[in-house]
Amino acid sequence: MTQPHRPAEPPSGPPRRDGVTDLVRWAAFSCVLVPVALLWYGASFAGAAGTALGLAAVTGACRLLLRRSERLAARSRRRRGGRHAGKNTPVD
């Protein structure tokens, strides 16, 4: 007797993360690491704090732009009907 088909179980282990999440995590890490390094090498506290704020602002803006780009790309794929919509359609 044959067994009914069961869907494959999800892979065990940590959940997968997308590249944007990893990129933002590294950027946030640098927002902490760079000012600490500046203080270590003798920069003023005000200069290190200004650098931290500037890096945080750039990181936040890049995160927003990357997420927006992902949403627009997903919307575009849905409208085209997937990856194989046309002869000259670019592939991710």
Side-chain angles (χ1 to χ4, degrees):
M1 226 184 216
T2 62
Q3 297 290 330
H5 178 69
R6 293 185 338 199
E9 294 181 20
S12 61
R16 290 185 57 201
R17 295 186 311 234
D18 62 344
V20 173
T21 302
D22 288 339
L23 181 69
V24 171
R25 286 180 187 209
W26 278 108
F29 175 69
S30 75
C31 289
V32 174
L33 182 64
V34 168
V36 169
L38 287 173
L39 289 172
W40 181 267
Y41 285 104
S44 69
F45 182 77
T51 300
L53 289 174
L55 286 172
V58 169
T59 299
C62 288
R63 181 181 182 274
L64 289 174
L65 290 171
L66 285 167
R67 293 294 181 192
R68 181 173 182 243
S69 174
E70 284 181 332
R71 283 193 309 270
L72 291 174
R75 186 181 311 157
S76 175
R77 279 193 298 270
R78 279 194 311 262
R79 287 184 183 168
R80 289 190 314 223
R83 293 172 61 100
H84 305 290
K87 182 178 177 183
N88 294 324
T89 305
V91 177
D92 297 5

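For the single chain, residues carry numbers from 1 onward in sequence order. Everything numeric here is computed off the predicted structure, so don't read it as measured data.
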If Ile, Leu, Val, Met, Phe, Trp and Tyr residues are connected whenever their side-chain heavy atoms lie under 4.5 Å apart, and connections chain through other members, are Leu33 and Trp26 in the same group?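 Shared cluster, yes.
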Are Leu39 and Val34 linked, directly or through other ILVMFWY residues, by side chains that come within less than 4.5 angstrom of each other?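 Different clusters: Leu39 never reaches Val34 through Ile, Leu, Val, Met, Phe, Trp or Tyr contacts under 4.5 Å.
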Do side-chain atoms of Ser76 reach the backbone of Ala73 as a donor and acceptor pair under 3.5 angstrom?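 Answer holds: no.
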Side-chain contact, heavy-atom cut-off 4.5 Å: Arg68 with Leu64?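 In short, these two side chains do not touch, never coming nearer than 4.5 Å.
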I need the single residue from Thr59, Val58, Leu65 that forms a side chain to side chain contact (heavy atoms under 4.5 Å, CB included) with Cys62. Which is it?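 Among Thr59, Val58, Leu65, the one that satisfies the side chain to side chain contact (heavy atoms under 4.5 Å, CB included) with Cys62 is Val58.
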Roughly how far apart are Thr21 OG1 and Arg63 CZ, rounded to 0.5 Å?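 Thr21 atom OG1 to Arg63 atom CZ measures 8.0 Å (nearest 0.5 Å).
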Looking only at heavy atoms, which two atoms of Cys31 and Ala56 are closest? And how far apart?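 Nearest heavy atoms, Cys31 then Ala56: SG-N, 3.5 Å.
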Nearest atoms (heavy-atom pairs only) where Ser30 meets Pro35: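 Closest pair (atom of Ser30, atom of Pro35, distance): O-CD, 3.9 Å.
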